[in-house]
Amino acid sequence: MAHPEGSPGTDQQSSLHIIAAVTAAAQTNITVVEAISQPRMAAYQAHCGGDRDHALELYAWNAQVSAAFWETLGYLEVILRNALVTQLQQRHHLKRNPGHSWLDDLRRELDQRARDDIATARGRVHTKGKAPSDGQTIAELGFGFWRYLLASRYATTLWPDLASAFPNAPSRSRTTIEAPVKALHVFRNRLAHHEPVWNKHLVARQHDIHTVLDAIDPVLKAWVTKNCRISAVLQGCTFTRPHP
């Protein structure tokens, strides 16, 4: 026998459907937490007062902001790399080493770590069956290679020439560029390992990106900013975070 709309029978059925939906959602979240692992979720749940559902929402937001930063860091890495390469090539040309590349490091100005990175990059090019070239080798060098070219060990050798890659920096001080790049290198490694970044100084890291790009060319900074999702994702955060 059918129950009139709004009758106790209909209300009971609606309640059962709601309970079933809530139970299914809870079970889904349990499954997701187990798949991600409880240790990885611990910090999220602690921040959310033990609320598993909110912790998963925070985890999802962490993934969104990580993706936004990863995209923008991709732009930065290519632009920074090319700016440094231009100066290194010009420097090599002035040193008059015909028939060789700055990557060959004939004057042994690079440290062992950098030389090893170059050898590894050239090995990858060979393994992939690509024609050996500076361009292919440079594409295989990681962000860390470029970050360490800005280190203090090169303050009196490479930096006087590399400083010209940043014509709009407030000064030619090496630390003006090294400091933000160093911070971004550490931050990038966290992103690469899917570590939590929701509790980090995200606005400061965005500022680091802007600082380096602006030092190279304000036009590039404007273009990257236009195509960047970081600000939108940060503004859409509904969670209280320890740092902006």
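- The shortest distance between side-chain heavy atoms of His92 and Gln89 does not fall below 4.5 Å.
- Sorted by first and then second residue, the side-chain hydrogen bond (donor to acceptor under 3.5 Å, both in side chains) pairs with a member in residues 40-49 read Gln38-Gln45, Tyr44-Asn62; sequence neighbours excluded.
- Asn227 contributes a side-chain N or O that, together with a main-chain N or O of Trp223, makes up a donor-acceptor pair within less than 3.5 Å.
- The stretch residues 102-124 participates, sequence neighbours left out, in no ring-ring contact (aromatic ring centres under 6.0 Å, His included) pair at all.
- For the pair Arg205/Lys200, no side-chain contact is recorded, criterion being any heavy-atom separation below 4.5 Å from C-beta on.
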Would you tabulate the side-chain donor-acceptor contacts of residues 144-153 under 3.5 Å, counting partners in other chains and residues two or more places apart, or write 'none'?
unit_1 : atom_1 : unit_2 : atom_2 : d
Arg147 : NH1    : Glu178 : OE2    : 3.4
Arg153 : NE     : Asp111 : OD2    : 3.3
Arg153 : NH1    : Asp111 : OD2    : 3.3

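- Taking 4.5 Å as the limit, every side-chain heavy atom of Pro244 sits out of range of all side-chain heavy atoms of Leu202.
- For the pair Pro132 and Thr137, the minimum side-chain heavy-atom distance is 4.5 Å or more.
- Side chains of Phe143 and Leu80 form a contact here, defined as non-hydrogen atoms less than 4.5 Å apart.
- Rounded to the nearest 0.5 angstrom, Ile138 CD1 and Leu103 CG are separated by 5.5 Å.
- The side-chain heavy atoms of Leu58 and Trp198, taken from C-beta on, include a pair separated by under 4.5 Å.
- Side-chain atoms of Arg241 come within 3.5 Å of backbone N or O of His243 as a donor-acceptor pair.
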Please lay out, stage by stage, how Ile118 and Leu110 fare under the test side chain to side chain contact (heavy atoms under 4.5 Å, CB included).
CA-CA 10 Å; Ile118 292 170; Leu110 300 177; 3.7 Å; yes
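- For the atom pair OG of Ser231 and CD of Gln206, the computed distance is 4.0 Å after rounding to the nearest 0.5 Å.
- Judged as a side chain to side chain contact (heavy atoms under 4.5 Å, CB included), and not counting sequence neighbours, the contacts of Leu106 are Asn97, His100, Asp104.
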Mind listing the side-chain donor-acceptor pairs of residues 182-190 below 3.5 Å, one per line with the distance, residues two or more places apart or on another chain?
unit_1 : atom_1 : unit_2 : atom_2 : d
Arg188 : NE     : Glu77  : OE1    : 3.4
Arg188 : NH2    : Glu77  : OE1    : 3.4
Arg190 : NE     : Pro196 : O      : 3.2
Arg190 : NH2    : Pro196 : O      : 2.9

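- Interatomic distance, Ile216 CD1 to Asn82 CG, rounded to the nearest 0.5 Å: 9.5 Å.
- There is no path of hydrophobic side-chain contacts, each under 4.5 Å, that joins Val181 to Val78.
- Shown here for Asp117 and Leu141, the closest heavy-atom pair between the two residues is O-CD2, 3.5 Å.
- Hydrophobic clustering of Ile, Leu, Val, Met, Phe, Trp and Tyr side chains at less than 4.5 Å, counting indirect connections, unites Phe239 with Ile36.
- Side-chain atoms of Leu191 and Glu195, non-hydrogen and from C-beta on, never get closer than 4.5 Å to each other.
- The shortest distance between side-chain heavy atoms of Val203 and His207 does not fall below 4.5 Å.
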Just distance, no hydrogens or angles: give the donor-acceptor pairs under 3.5 Å from side chains in residues 155-166, sequence neighbours left out.
unit_1 : atom_1 : unit_2 : atom_2 : d
Trp159 : NE1    : Arg172 : O      : 2.8
Asp161 : OD2    : Arg91  : NE     : 2.7

Any chance you could lay out the side chain to side chain contact (heavy atoms under 4.5 Å, CB included) test for Arg229 and Gln64, step after step, and finish with the verdict?
CA-CA 10 Å; Arg229 297 187 296 124; Gln64 292 168 16; 5.7 Å; no
For Val125 and Arg122, run side chain to side chain contact (heavy atoms under 4.5 Å, CB included): C-alpha distance rounded to whole Å, both residues' side-chain angles, the deciding distance at 0.1 Å, then the answer.
CA-CA 5 Å; Val125 173; Arg122 284 174 164 168; 5.5 Å; no
Using the rule given for side chain to side chain contact (heavy atoms under 4.5 Å, CB included), can you reason through Leu56 versus Val33, listing the C-alpha separation, both sets of side-chain angles and the distance that settles it, and then say yes or no?
CA-CA 8 Å; Leu56 280 174; Val33 168; 4.0 Å; yes
